[in-house]
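First comes the structure, then the notes that go with it.
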Amino acid sequence: MLDYELFAVGVSSISTSVTLLLYGQSYLIFINLLEIIGSIILFFIIALLCFFIRVIIQYAIQDTLKNELAKVSFSSVFKKFKQLNKNQVLRLFCYLALFIFLWLLPLLVIHMFTSKIEIVTYILQFLFFVVVLWKGIDYSQAIFLYRENQPQFLGQSQRYALKASKRFIKKLRFKYLLLLIGLSIPVAVWIAIWSVVTYFGFYIWEPIMIYGGPIVGIIGGCLYLPFVQFTLAYFYEKNNSSDLLEKSFRDCFKQVEKLTGEAYKN
């Protein structure tokens, strides 16, 4: 949904800029362009930071499944961050964001021209959700598969991790979807309970709801997210096998001779 909102803000800002140009207030166009660029940069930095945090925590939790002596602690997570190949993870994030955005782009363009038609907007929002869910499942195993074959990614494109993820999850999509639904149920129950508490709480003591609500929400998220990360890592480890890995990465990587140019010498 963040891509959608960012795109909407960008279109709105461009429309405003055109209006200002027509009215002769061209100096304000520069301000609107700065808003667009600033929004894109800020969104990219926040999304990238969240992705890095997710990856290092996910790897630390995955280690506990492979080694009973391994523990998740601040020191182990920080160690994972230092060991992480930031360049490769950055490129993996960029490919992931780019591919999902390209899948969503036709819907965003259609929405730009049909935003005033309410029924079309609802249909596009539903399709938007379906595409994000579908491609999210397809690329869900990319960070695990990248780690599985990290040495082979040296000099290779990170999009091969996304390609391997699609192959890996091909016959497991329904199981993964059920897993996501199961993980969503506690969140839905929590939201329902807190919505009721919030509704009646404002009639009893407004300050505690204004300041206490976000604090409770953050604490609840911090307690539940580790369980989600553990479950996702467990799903990968449970369904992982040498045969499936071989099929997932089959013919993915370029030959070393082609990378070095030796294959093209006469």
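All of these numbers come straight from a predicted model, not from anything done at the bench. All values below come from the heavy atoms of this structure, side chains included, with hydrogens, waters and symmetry mates left out.
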Going hydrophobic residue to hydrophobic residue with side-chain gaps under 4.5 angstrom, can you get from Met112 over to Phe126?
yes

Checking Lys166 now: which residues fulfil salt bridge (Lys or Arg N to Asp or Glu O under 4.0 Å) with it, not counting sequence neighbours?
none

Nearest 0.5 Å please: distance from the CD1 atom of Ile110 over to the OG1 atom of Thr121.
11.5 Å

When you look at CZ of Phe227, are more than 12 heavy atoms from neighbouring residues, nucleotides or ligands closer to it than 6.0 Å?
no

Any Ile61 side-chain heavy atom under 4.5 Å of Leu232 side chain:
no

List the residues meeting side chain to side chain contact (heavy atoms under 4.5 Å, CB included) with Lys254, not counting sequence neighbours, and say none if there are none.
Gln156, Tyr160, Leu259

Taking the side chain as every heavy atom from C-beta outward, state whether Phe230 and Ile57 have any pair of such atoms under 4.5 Å apart.
no

What closest approach, in Å, do Val72 and Ala60 show between heavy atoms, and which atom pair accounts for it?
CG2-O, 3.8 Å

Between the side chains of Gln62 and Tyr236, does any donor sit under 3.5 Å from an acceptor?
no

hydrophobic_cluster_shared for Ile169 and Ile181, side chain cutoff 4.5 Å
yes

Is there a path of hydrophobic side-chain contacts, each under 4.5 Å between heavy atoms of I/L/V/M/F/W/Y residues, joining Ile46 to Ile41?
no

Is there side-chain contact between Tyr139 and Ile100, with at least one heavy-atom pair below 4.5 Å?
yes

Atom CG of Asp243 and atom OG of Ser248: how far apart are they, to the nearest 0.5 Å?
10.5 Å

Correct closest heavy-atom pair for Gln58 and Gln229 would be NE2-O, 2.5 Å

Restricting to side chain to side chain contact (heavy atoms under 4.5 Å, CB included), what partner residues turn up for Ala142, sequence neighbours left out?
Leu92, Ala161, Leu162, Ser165

Candidate pair Val120 and His111, rule side-chain contact (heavy atoms from CB on, under 4.5 Å), full reasoning:
CA-CA 8 Å; Val120 175; His111 175 71; over 6 Å; no

First locate atom CG of Leu178, then atom CG of Leu183, and finally report the distance between them rounded to the nearest 0.5 Å.
11.0 Å

What distance separates Leu84 CG from Arg147 CZ, expressed to the nearest 0.5 Å?
9.5 Å

Heavy-atom distance under 4.5 Å between the side chains of Leu145 and Leu245, does that happen here?
yes

Should we say atom NZ of Lys66 is surrounded by more than 12 heavy atoms from elsewhere, each under 6.0 Å from it?
yes

Would you indicate whether the side-chain heavy atoms of Leu179 and Tyr234 approach each other to under 4.5 Å?
no

Just wondering, do Ser140 and Phe168 contact through their side chains at under 4.5 Å, heavy atoms?
no

Are Leu42 and Leu90 connected in the hydrophobic side-chain network, where two residues link if heavy atoms are under 4.5 Å apart?
no

Should we count CG of Leu98 as having more than 12 external heavy atoms under 6.0 Å?
yes

Exercise: identify the closest heavy-atom pair between Asn149 and Phe249
ND2-CD1, 3.2 Å

Here the gap from Ser73 atom OG to Lys79 atom NZ, rounded to the nearest 0.5 Å, amounts to 10.0 Å

Pair listing, ring-ring contact (aromatic ring centres under 6.0 Å, His included) test, anchored in residues 47-79, at least two apart
Phe51-Phe93

Note: Asp251-Arg167 ion pair, threshold 4.0 Å (strictly below)
no

Taking the side chain as every heavy atom from C-beta outward, state whether Trp103 and Trp134 have any atom pair closer than 4.5 Å.
yes

Carboxylate-amine/guanidinium proximity below 4.0 Å for Asp138 and Lys135:
yes

Non-hydrogen atoms of Asn239 and Leu244 that approach each other most closely:
O-CD2, 3.5 Å

CA sep, side-chain torsions, deciding dist, call: Gln141, Leu172, side-chain contact (heavy atoms from CB on, under 4.5 Å)
CA-CA 11 Å; Gln141 309 303 302; Leu172 300 170; over 6 Å; no

Is it true that, when you exclude Gln83 itself, more than 12 heavy atoms of the residues, nucleotides or ligands shown sit nearer than 6.0 Å to its CD?
yes

Contacts of Lys163 that satisfy salt bridge (Lys or Arg N to Asp or Glu O under 4.0 Å) - sequence neighbours left out
none

Provide the full list of salt bridge (charged side-chain N to carboxylate O under 4.0 Å, His left out) pairs with a residue in residues 82-106, sequence neighbours left out, each pair given once.
none

Co-membership, hydrophobic cluster, residues Leu49 and Leu225, 4.5 Å side-chain:
no

Gln88 side-chain N/O to Gln158 backbone N/O, donor-acceptor pair under 3.5 Å
no

Whether the side chain of Asn67 engages the backbone of Asp63 through a donor-acceptor N/O pair (distance < 3.5 Å, no angle test) should be reported.
no

Interatomic distance, Leu180 atom CG to Phe235 atom CZ [nearest 0.5 angstrom]:
8.5 Å

